[in-house]
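Right, one structure below, let's go through it.
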Amino acid sequence: MKHLLSLESLARADMDRVLRDAARFKRERTTHPRPLTGQTWALLFSKSSTRTRVSFEVGIHELGGRPLFLNAGDLQLGRGEPIKDTARVLGRMVHGAIIRTYAQQDVEDFARFAGIPTVNALTDDEHPCQILADVFTWEESRGPITGRTVAFIGDAACNVARSWIFAAAKLDFELRLASPPAYQPPPEVLARAGARVRVTADPREAARDADLLYTDVWVSMGKEAEQARRLQEFQGYQINAALLREARPDALVMHCLPAYRGKEIDEATFEAHAGTIFRQAENRLHTQKAILHWLVS
Ligand code: CP
Ligand code: NVA
């Protein structure tokens, strides 16, 4: 039984296959095979979503299956039914599950108890589907990411940064994380990632000669109570024209979205790179179709 629970646990060969197939699903959007024909896949979401929800619902439909969106708050899960019981019920009724929640352990438990292919659609720890789409977006315009330099500016302890860390270890590119000291990834995560990741508190040092500048929100879902403190502490960690001047002249700028202008990125830089950023959003669809195809093959 295959699952996509984290980038850390995804084998390099499987990652390569997903990235390769994403290009084919994009090219052959209307003619590709429909491996989910006759299947129902549940989307079980405890947090808000625009891109992930829509791209999975459309992707499952285009692969021949039926998406079933379940807001966790509307289920008995929201009234305290354990995840392992929810998993054992859904596992008898649907063919696969896409889960967005808080604790990584909940996705791991769901996969174990449901016995159906399970996808992490964002937890507090990781956002593997996002980073696969990001790498695909880089590679479709610039070729292999191996050997390149990616600078992540912002909350380097968040799920998106952590999946970038494991991607760097697997795909052998340099990842520089620029974050205030209190928001840097824990040493044990860095230790698991190998030698390709560097952490600094200086965004300019991270951005210097980088091929790709990347950012995410300063206040992730679930961290709303820390908003005021975070907005203060992340001042200076914005992607803007001054920071971009440190990078290579042809550097790409990416944002996983949603974007908060004037916070992690300024309006002018966001709009100047909107072509890349919204292609990145579109590529969630194509990459996730490749993930679903891999899961059932
Ligand atoms: N980037 C991303 O996962 O977007 P959503 O939260 O809208 O799904
Ligand atoms: N780090 C962000 C990603 C949103 C797609 C969050 O968890 O809210």
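For reference, positions follow the sequence shown, starting with 1. Atoms within a ligand are numbered from 1 in the order they appear, just like the ligands themselves.
The CG atom of Asp124 sits 8.0 Å away from the OG1 atom of Thr101 when rounded to the nearest 0.5 Å.
Proximity to Val217 (heavy-atom distance under 4.0 Å) selects the following atoms of ligand 2: 2 (C).
From the protein, the heavy atom lying nearest to atom 7 (O) of ligand 1 is Thr50 N, 2.7 Å. In terms of protein heavy-atom proximity, atom 6 (O) of ligand 1 is nearest to Arg100 NH1, 2.8 Å. Of the protein's heavy atoms, Leu257 O, 3.7 Å lies nearest to atom 5 (C) of ligand 2. With hydrogens left out, the protein atom closest to atom 8 (O) of ligand 2 is Met221 N, 2.8 Å, a heavy atom. Protein heavy atom at the shortest distance from atom 7 (O) of ligand 2 is Asn159 ND2, 2.8 Å. Of the protein's heavy atoms, Arg284 NH1, 3.4 Å lies nearest to atom 2 (C) of ligand 1. Nearest non-hydrogen protein atom to atom 4 (C) of ligand 2 is Leu122 CD1, 4.0 Å.
The closest heavy-atom contact to atom 3 (O) of ligand 1, among the options His127, Arg51, Met221, comes from His127.
When heavy-atom distances to ligand 1 are checked against a 4.0 Å cut-off, Leu257 comes that close only through its backbone atoms N, CA, C and O. Residue-level proximity to ligand 1 for Gln130 is carried by the side chain, the only part with a heavy atom below 4.0 angstrom.
In this structure the side chain of Leu36 never reaches within 4.5 angstrom of the side chain of His95, judged on heavy atoms.
Look at Asp21 and Arg17 and you find a salt bridge, because one of the NZ, NE, NH1 or NH2 atoms lies within 4.0 Å of a carboxylate O, short of that distance. The existence of a salt bridge linking Arg261 and Glu271 is confirmed by a sub-4.0 Å separation between a basic side-chain nitrogen and an acidic carboxylate oxygen. Checked for salt-bridge contact, Glu205 and Arg198 meet the test: a charged N lies under 4.0 Å from a carboxylate O. Salt bridge annotation for Asp250-Arg248: present, with a cationic side-chain nitrogen under 4.0 angstrom from a carboxylate oxygen.
Between Phe136 and His286, the ring centre distance reaches or exceeds 6.0 Å. Tyr183 has its ring centre less than 6.0 Å from the ring centre of Phe234.
Judged by the 6.0 Å and 45° rule, Arg53 forms no cation-pi pair with Phe45.
Not a single heavy atom of Asp124 sits less than 4.0 Å from an atom of ligand 2.
Where the criterion is an N or O separation shorter than 3.5 Å, residue side chain and backbone included, Pro258 fails it with respect to ligand 1. Between His127 and ligand 2, not a single N/O pair is under 3.5 Å apart. Remark: ligand 1 and Cys256 share an N or O pair separated by less than 3.5 Å (distance only, no angle test). At a 3.5 angstrom cut-off on N or O pairs, Ser220 counts as close to ligand 2.
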- Item | Test side-chain contact (heavy atoms from CB on, under 4.5 Å) applied to Glu264 and His255, step by step | CA-CA 9 Å; Glu264 72 275 3; His255 192 310; 2.7 Å; yes
